[in-house]
Each structure stands twice: as C-alpha cells, then as structure tokens.
Amino acid sequence: MREWHRAYRQEYGAWYAGLNYPGQQRAYEKRRRQEKGHWRQLYPERAAAYDARRRALVEQARTTETFAPIDVHTRDDWTCKLCLLPIDPEIAWPDPMSPSVDHVTPLSRGGAHAMHNVQSAHLGCNSSKGDRVLVDTVMALAVQAHAR
C-alpha cells in the first residue's frame with residue numbers, strides 16, 4: 001500500500017486525498033440536488049403519502065395528558081430504564097449520557113405520547129433503541145452499557 005501511495009504522489013504531485021471523502025460526498029450530493037431536484041419535487045405522490053402517514057401518526061399519538069420530561073425522570077428516580085444505570089441531570093444534550101424520554105411503544109408503531117408509555121433513558125440508549133420495542137433491544141443495550 002505504501003508503494004501505491006508513493007507512486008500516486010510521484011505521478012500527481014500530491015498525496016492521495018482519500019481522507020477528504022466526506023467533503024467530496026457532500027459536494028456531490030449538493031450538485032446532484034441542484035441538477036435533479038429534491039426527492040419531494042421528483043416524486044410528489046410519494047411525498048404526499050409520507051406526509052399523510054406522518055400526520056396520522058402524530059394525530060393518533062396526541063392525548064389530553066400533558067407532562068414535562070422532568071416528571072418522567074422524577075417518577076423513574078433518574079434511572080435509565082434501558083441500561084439500568086443512573087442518569088446525571090447535570091449532563092447536557094448532545095452527550096450520549098444526557099437524559100431523554102423514551103417511548104416504550106414508539107409513536108411510529110402506534111404508541112401514545114402519554115405518561116404510561118414513556119420512560120427515562122440516556123440519549124445514547126434511546127438512540128440505539130430507535131423505533132424498536134423494548135423487548136427486542138433491552139439485552140443488547142445492557143451489554144453495551146456495561147462495556148462503557
């Protein structure tokens with residue numbers, strides 16, 4: 001591999017810029033969007049269906065019950081219900097160990113935005129869980145948390 005890099009440098013006068021890939025990818029995506037347009041403009045039917053599905057999920061999740069995240073964390077004694085480690089209220093977002101509210105049954109799967117369907121979680125644990133149901137992910141998250 002070193003020989004290849006040396007040969008590349010001799011031929012082109014500079015080292016191979018493979019480390020600049022993310023910047024090149026962003027530039028490509030920007031050019032592509034300018035040339036072809038946004039997917040919403042290219043596929044208006046698909047965009048309308050996506051918007052309708054999202055509106056239905058949000059409308060279904062609405063309840064008359066309102067609560068603050070602090071109420072959830074206080075109820076759960078500042079313990080992450082996914083990895084069972086304590087949550088430090090002093091840690092701020094976007095730290096993976098910052099507090100967040102997790103929906104036991106995700107909104108995308110028909111869950112309600114209500115106190116009986118939310119629990120305390122670390123931001124990292126909640127992000128790792130994604131839109132899966134707790135039973136599918138609790139063991140994997142516990143193993144990850146103990147490895148930290």
Side-chain angles (χ1 to χ4, degrees), residues 1-2 4-5 8 14-148:
M1 191 65 170
R2 287 183 183 172
W4 182 87
H5 281 283
Y8 185 93
W15 290 105
Y16 177 68
L19 297 176
N20 193 22
Y21 179 75
Q24 294 169 345
Q25 182 69 23
R26 281 191 296 272
Y28 166 76
E29 290 293 335
K30 186 176 181 180
R31 280 193 319 274
R32 184 180 174 281
R33 263 185 257 114
Q34 288 173 348
E35 292 170 5
K36 295 190 174 186
H38 195 271
W39 73 270
R40 287 182 165 277
Q41 295 166 345
L42 294 173
Y43 308 103
E45 303 86 21
R46 187 182 294 174
Y50 174 83
D51 291 342
R53 180 174 180 269
R54 185 68 189 156
R55 274 194 307 275
L57 289 173
V58 169
E59 198 60 40
Q60 178 184 358
R62 285 193 182 142
T63 62
T64 56
E65 181 180 10
T66 58
F67 58 90
I70 191 84
D71 299 333
V72 177
H73 298 307
T74 304
R75 179 196 70 191
D76 293 341
D77 295 324
W78 290 93
T79 302
C80 176
K81 296 300 181 182
L82 299 176
C83 71
L84 305 177
L85 294 175
I87 298 173
D88 185 2
E90 301 298 319
I91 299 177
W93 182 90
D95 190 291
M97 297 302 281
S98 65
S100 74
V101 175
D102 170 52
H103 290 87
V104 177
T105 303
L107 299 178
S108 64
R109 300 221 177 174
H113 184 65
M115 280 292 279
H116 66 84
N117 190 42
V118 294
Q119 61 188 0
S120 295
H122 293 113
L123 181 62
C125 296
N126 196 0
S127 296
S128 297
K129 179 182 173 245
D131 69 343
R132 293 178 294 239
V133 180
L134 180 65
V135 176
D136 301 338
T137 58
V138 70
M139 293 308 292
L141 290 173
V143 169
Q144 286 178 3
H146 292 294
R148 290 183 198 162

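This chain uses plain numbering: 1 for the first residue, then up along the sequence. Hydrogens, waters and symmetry mates play no part in the numbers below; they use all other heavy atoms, side chains included.
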For W93, is the CH2 atom crowded, meaning more than 12 foreign heavy atoms sit under 6.0 Å from it? no
Pairs involving residues 33-43, ordered by first then second residue, that meet side-chain hydrogen bond (donor to acceptor under 3.5 Å, both in side chains) (sequence neighbours left out): R40-D51
Is the side chain of S98 donor-acceptor paired with the backbone N or O of D95 at a distance under 3.5 Å, no angle test? yes
Hey, does the side chain of D76 reach the backbone of S120 with a donor-acceptor pair shorter than 3.5 angstrom? yes
Considering all heavy atoms of both residues, which atom of H103 and which atom of A112 are nearest to each other, and what is their separation? CD2-O, 3.7 Å
Main-chain N/O of V72 paired with T74 side-chain donor or acceptor, under 3.5 Å: no
What distance do I70 atom CD1 and R75 atom CZ have between them, rounded to the nearest 0.5 Å? 13.0 Å
Report yes if the side chains of P99 and W78 come closer than 4.5 Å at any heavy-atom pair, otherwise no. yes
How many angstroms lie between CD in E29 and CZ in R26, if you round to the nearest 0.5 Å? 11.0 Å
side-chain contact (heavy atoms from CB on, under 4.5 Å) filter on S100, not counting sequence neighbours, yields A121, L123, N126
Applying side chain to side chain contact (heavy atoms under 4.5 Å, CB included), run through V101 and Q119 and close with a yes or a no. CA-CA 6 Å; V101 175; Q119 61 188 0; over 6 Å; no
Starting at CG of D88, measure out to NE2 of H122 and round the result to the nearest 0.5 Å. 8.5 Å
From SG (C125) to CG (L82), nearest 0.5 Å: 5.5 Å
Counting only heavy atoms from other residues, nucleotides and ligands, does the tally under 6.0 Å from OH of Y50 exceed 12? no
Should the pair K81-D102 be classified as a salt bridge under the 4.0 Å nitrogen-to-oxygen rule? no
